[in-house]
Structures are given as C-alpha cells and as structure tokens.
Amino acid sequence: MDGATAFTEQTAKTDFLAAYRIHEKPFYQPSGNEIELYHKAYQHRMPLILKGPTGCGKTRFVEYMAWNLKRPLVTLACNEDMTASDLVGRYLLDVDGTAWHDGPLTLAVRYGGICYLDEVVETRQDTTVVIHPLTDARRVLPLDKKGEQVQAHPDFQLVVSYNPGYQSSAKDMKPSTRQRFGALEFDFPNAEIEAAIVVHESGVTDELARRLVSLAHGTRALKNRGLDEGASTRMLIYAGLLMREGVSPLDSCEMCITRALTDDPDTAEALHQLVQAQF
Ligand code: ADP
C-alpha cells in the first residue's frame with residue numbers, strides 16, 4: 001500500500017468510526033441472560049440471529065451490546081428491493097470518473113463493526129448469499145465487481161434479526177443460511193419489566209404503563225384469532241407518548257394500537273373493547 005492509499009484508508013476508517021460509534025449508553029432492560037450469552041458469542045465473533053416478534057427490543061439490544069463492546073454498529077433495515085450492491089458497494093461517477101464506494105456492510109467488515117441486518121428474510125436470496133462467506137471460517141466478503149476479497153477485521157460480527165411469527169414459509173430462512181448462526185430467542189418481557197420500559201421510554205406513570213401492558217396482553221391473546229401480531233412494546237410507548245402530550249388514553253390507544261393493528265372492523269371492535277376495559 002503506498003502512502004496516499006494508506007492515508008485514504010485511515011481517513012475512511014476514522015470517518016466510519018465517527019459515523020457509527022454509539023456514544024451514549026442505550027437504555028436496555030434485560031429479560032434473562034442474553035447480555036452474558038452475547039458476550040460469550042462475541043468472543044468467538046459468532047454470527048447471531050435474534051429471533052422474536054417485531055417491537056420487542058431486538059434492535060435496542062444490539063445497540064446496547066455494540067455500546068457495551070465499544071464497537072461501531074451498522075444497522076440496515078432489509079427489504080425485497082435491497083440488492084447485493086446496496087450492501088457491498090458500487091462504482092459511482094464522480095468528478096474524476098468512476099470510483100468505488102464501499103457499502104455499509106463492507107465498511108463494517110473492513111473496519112471492525114457489528115453489522116445488524118434487521119428482518120433479513122425480507123431480502124432476496126441472491127442478496128443473502130453475499131453474507132455466506134462471512135459467516136464461516138473464511139470470514140471474507142467478495143466484492144465481485146471490484147475484484148477484491150475483503151478479509152473481515154478481527155472485531156467484525158454479523159447479527160441478523162428475524163420474526164418467525166408472521167413470515168410465510170416462502171420467506172423462512174433457508175437452512176443453508178440459518179445453520180451458519182447461533183440464535184437468541186426474544187419475546188415480550190414480563191409485565192413488570194415491560195411496564196418499566198414503557199415508563200422509561202414514554203414518561204407515563206407506572207399506573208398508566210401497567211394498564212397499557214395489560215391491554216397489550218389482551219391483544220396478544222388475539223394472535224392468530226384476527227391479528228397476525230398483538231401490540232408490541234413499541235406501540236405501547238407510542239400510546240404513552242401521546243398520553244404525555246395530553247391526548248386521552250382512549251384516543252391514544254385508538255391511534256397507536258387499534259388502528260395500527262387492524263383494518264378489519266370486527267377485530268377493531270374487539271380491540272376497542274379491550275381498550276375501554278382498561279381506561
Ligand atoms: P425490534 O427490533 O424487536 O423490532 P426495538 O428494539 O426497536 O424492537 O424495540 C422497540 C422499542 O421498544 C425500542 O425503541 C425501545 O424504546 C423499547 N424496548 C423494547 N424492549 C426493550 C428493552 N428490553 N429495554 C429497553 N427498551 C426496550
């Protein structure tokens with residue numbers, strides 16, 4: 001590597017660390033021994049799947065772990081339009097012609113970040129395969145268009161999330177992908193912990209948070225009986241934030257829970273009754 005290239009590399013690394021480092025301790029309320037297990041897995045840079053319903057704290061957990069391990073965190077929300085180039089990078093036109101630009105995954109691989117692919121099954125299979133060589137002993141990322149194989153930095157780790165609850169089997173993780181990961185299972189925390197989270201994140205009183213959590217339990221019992229999923233912790237926090245703004249509990253829950261969860265009038269009515277029973 002000549003001097004100019006080394007300087008460019010160093011600048012890119014510094015920019016990456018500045019952009020993706022988590023400076024403030026994220027608030028994370030553990031439910032079990034997930035922090036300890038993650039630490040053990042990270043010692044081996046084991047790729048991890050975080051399984052669990054949407055809005056139950058998976059993203060917050062990775063943020064907390066990245067802060068705790070002092071690693072930069074690259075989070076990518078996956079969708080079916082995402083291409084391999086969106087992850088690894090592409091040539092782009094600039095004033096000097098075309099220049100290669102590393103994608104977010106490549107940056108994490110090169111400079112030792114944790115890369116978190118949220119809802120990984122949403123990506124197409126041809127996109128998912130780019131992560132395969134990173135998740136076995138090779139730990140390399142091939143940049144085919146550039147003709148480069150990036151050897152992963154010793155601190156790099158890949159984490160993906162996946163919601164087994166509502167994905168159709170067509171969107172299940174392929175065994176060839178999932179067998180490359182260790183898995184941590186997440187669910188909504190117990191009522192006490194969930195209420196504490198709602199209090200912390202929305203600023204409502206403990207009493208209101210407990211009612212919101214009871215309401216959530218009612219909606220979760222409707223899973224597969226009109227609802228694909230019950231109310232998530234995130235929804236309770238949204239409702240709590242509106243209540244803090246002076247919106248009535250009924251209107252807050254109608255907006256953040258009932259209407260957000262369903263379009264079906266009968267299910268909406270059932271949810272409405274659950275709300276009225278609490279507030
Ligand atoms: P997921 O990634 O599972 O969809 P998130 O991590 O985004 O869910 O959680 C949604 C919100 O709920 C977070 O922004 C946070 O405010 C709150 N939350 C959920 N679980 C926890 C937890 N265990 N500790 C702290 N906050 C939590």
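Whatever order the structure lists ligands and atoms in, that order sets their numbers, starting from 1. This is a predicted model, so every value here is computed, not measured.
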Leu117 side, atom CG; Met82 side, atom CE - distance, nearest 0.5 Å: 7.0 Å
Arg139 backbone acceptor or donor facing Gln151 side chain under 3.5 Å: yes
Neighbouring protein residues of ligand 1 - any heavy atom closer than 4.0 Å: Phe27, Tyr28, Gln29, Pro53, Thr54, Gly55, Cys56, Gly57, Lys58, Thr59, Arg60, Ile197, Glu201, Thr233, Arg234, Ile237
Pair Asp263 + Arg259, salt bridge at N-O below 4.0 Å: no
Cation-aromatic face contact Arg45/Tyr42, 6.0 Å, 45 degrees: yes
Pair Lys51 + Glu119, salt bridge at N-O below 4.0 Å: no
Salt bridge Arg60-Glu201, side-chain N to carboxylate O under 4.0 Å: yes
